[in-house]
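Take a look at the structure below.
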There are 2 protein chains.
Amino acid sequence: MKSELQVFQEFILQRGLRRTLERERVLQEIFEIHGHFDVEELYLKLREKGVKVSRASIYRALPLFREAGLIREADFSDGHWHYEHIYGHSRHSHLKCLGCGEMVEFEEPSPQDLEEHWVKRYRYRIVALEVQGYCPACQQGA
Amino acid sequence: MKSELQVFQEFILQRGLRRTLERERVLQEIFEIHGHFDVEELYLKLREKGVKVSRASIYRALPLFREAGLIREADFSDGHWHYEHIYGHSRHSHLKCLGCGEMVEFEEPSPQDLEEHWVKRYRYRIVALEVQGYCPACQQGA
DNA sequence: TTATTATTGAAATCAAGACTCATTAAAGTT
DNA sequence: AACTTTAATGAGTCTTGATTTCAATAATAA
């Protein structure tokens, strides 16, 4: 399996962009983080390690990582985006409570088990599913 | 079936809040709108009709409607929240493309059909599901 | 009717994120 | 290796959705 850096470099090449140390350091940091992260966290973690990357560059890099299929926007629960890396990770989903905002993260072994999980296991009253993925057009581009 | 206004008034009573004309006009307007809406749309529609309600009051009313189970935050696709009324509506879901942001709205007859819909019908590569609903605690409160 | 206090509107404030622009540097060309 | 082109960066500014402030208003209880 290709490393996330390899995937990104191929993406950069294909797009006619340039390789920069800044973006690679940001990407590296993202894949060292377990779970969700936001821009500020990322910025501070990099600073801590003495890596000098501006917030602006992070904001500019994230859409690229997203378009390369490496990360995704996970939620916008508290007024700003939270992300998580998806490359190389097992598919998992979120159950978000519209009342209190609580979010349960879960993995479902098969779509057939979904109903069981939601209703029997979590006792959630389901209002809507947000299914995120790639449409046919974007699968070909990627 | 109770009207949305009745539901809201019961919610208001239960919370020890006060009934105000402003909130009721906003709620009425929301339920006259088909599909999604955002604060600005709502504000302008009310103004058009000569209903004087400030943006601040709208921003303050929406969380109440959400907590009362009348509306939900649908997506944050273009930098601000979009909402939709859920009370009295059939459950429907969204397929959101992480690449281009395209959103397909669909209703699924049963959870068992989900996989079929996603994979065979929409040819989406699924990355994550966002399941929104009410957790057990909030179901009792509501 | 009076007292209490939630709610309102207008304006000020906050913050995430986008934009500006001069500088730097990656990659291609000679 | 020097030169050219132009993408990318960083510091700061700007935008704007949303929250907060505060004096005035009005809904409810006493």
Side-chain angles (χ1 to χ4, degrees), chain A residues 5 8-30 36-47 49-68 71-83 101, chain B residues 5 8-30 36-47 49-68 71-83 101:
Chain A
L5 195 58
F8 185 60
Q9 284 169 3
E10 283 172 20
F11 172 83
I12 285 292
L13 202 71
Q14 170 200 317
R15 281 281 191 95
L17 303 175
R18 292 175 185 173
R19 291 184 50 184
T20 73
L21 194 55
E22 285 83 357
R23 291 200 276 231
E24 290 177 11
R25 296 306 298 274
V26 172
L27 184 60
Q28 185 187 359
E29 189 58 37
I30 286 173
H36 295 194
F37 65 92
D38 59 30
V39 170
E40 198 59 21
E41 258 175 75
L42 202 51
Y43 176 71
L44 292 176
K45 280 221 166 94
L46 285 164
R47 284 214 116 205
K49 297 188 178 175
V51 180
K52 287 193 63 182
V53 181
S54 68
R55 268 177 260 252
S57 292
I58 297 177
Y59 275 114
R60 284 187 279 232
L62 292 180
L64 296 177
F65 299 153
R66 183 173 49 73
E67 287 159 32
I71 66 173
R72 76 176 190 98
E73 293 164 342
D75 72 294
F76 195 82
S77 48
D78 56 348
H80 62 273
W81 284 111
H82 291 244
Y83 300 84
Chain B
L5 195 57
F8 185 59
Q9 284 169 2
E10 284 172 18
F11 172 83
I12 284 294
L13 202 70
Q14 171 199 318
R15 281 280 191 97
L17 304 176
R18 293 177 183 172
R19 290 184 51 183
T20 73
L21 195 55
E22 285 83 355
R23 291 200 275 231
E24 290 178 9
R25 297 307 300 273
V26 172
L27 184 60
Q28 184 187 359
E29 188 59 37
I30 286 173
H36 296 195
F37 65 93
D38 58 31
V39 170
E40 197 58 22
E41 260 174 76
L42 203 49
Y43 176 72
L44 293 175
K45 282 220 165 91
L46 285 163
R47 285 213 115 207
K49 298 186 177 177
V51 180
K52 286 195 64 184
V53 181
S54 68
R55 268 176 259 252
S57 292
I58 298 176
Y59 277 113
R60 283 188 279 232
L62 292 180
L64 295 178
F65 299 153
R66 181 172 50 69
E67 287 158 33
I71 65 173
R72 75 175 191 100
E73 294 165 343
D75 72 294
F76 195 82
S77 49
D78 56 349
H80 62 272
W81 283 111
H82 291 245
Y83 300 84

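Proteins come first, then strands; the chains are lettered A, B, ... in the order of their sequence lines, and each starts at number 1.
No side-chain heavy atom of A:Trp81 sits under 4.5 Å from any side-chain heavy atom of A:Val39.
In this structure a side-chain-to-backbone donor-acceptor pair under 3.5 Å is present from B:Arg23 to B:Arg18. No donor-acceptor distance shorter than 3.5 angstrom exists from the side chain of A:Arg25 to the backbone of A:Leu46, with no hydrogens or angles considered.
Defined by atom type and a distance below 3.5 Å, a donor-acceptor pair is present between the side-chain atoms of A:Asp38 and A:His80. Judged by distance alone, the side chains of B:Arg47 and B:Tyr43 do bring a donor and an acceptor atom under 3.5 Å apart.
Residue contacts shown for B:Gly79 are limited to sugar-phosphate atoms, with no base heavy atom under 4.0 Å away.
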Check the interface with nucleotides 25-29 of chain C: list each N/O to N/O pair with the protein under 3.5 Å, or write none.
{"residue": "C:dA26", "atom": "N3", "partner": "A:Arg18", "partner atom": "NH1", "Å": "3.3"}
{"residue": "C:dA27", "atom": "OP1", "partner": "A:Arg19", "partner atom": "N", "Å": "2.9"}

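Map B:Ser57 and B:Gly16 each onto its nearest nucleotide of DNA chain C; the residue landing nearer the 5' end is B:Gly16. In terms of position on DNA chain D, the residue among B:Ala56 and B:Asp78 whose nearest nucleotide sits closer to the 5' end is B:Asp78.
In this structure, CZ of A:Phe65 is placed 12 Å from P of D:dA8, rounded to the nearest angstrom. Between the OH atom of A:Tyr59 and the P atom of D:dA8 there is a distance of 20 Å, given to the nearest Å. One interatomic measurement links the two molecules: CD of B:Glu24 to C1' of C:dA6, which rounds to 15 Å at whole-angstrom precision. In this structure, CG of A:Leu64 is placed 12 Å from P of C:dA18, rounded to the nearest angstrom. The separation between B:Tyr83 atom OH and D:dG17 atom P is 13 Å, rounded to whole Å. Rounded to whole angstrom, the span from the CD atom of B:Glu22 across to the P atom of D:dA24 amounts to 18 Å. Rounded to an integer number of Å, the gap from CD of B:Glu40 to C1' of D:dA18 is 12 Å. We find that CZ of B:Arg55 is positioned 20 Å from P of C:dC14, with the value rounded to whole Å.
Taking the six-membered ring where tryptophan is involved, the planes of B:Phe76 and A:Phe76 are essentially parallel, since the angle between them stays under 30° and well short of 60°.
Taking only distance into account, the side chain of A:Arg60 never meets the base of C:dG17 through a donor-acceptor pair shorter than 3.5 Å.
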Are B:Lys52 and B:Glu22 close enough, and set up right, to give a salt bridge (charged side-chain N to carboxylate O under 4.0 Å, His left out), and what steps lead you there? CA-CA 8 Å; B:Lys52 286 195 64 184; B:Glu22 285 83 355; over 6 Å; no
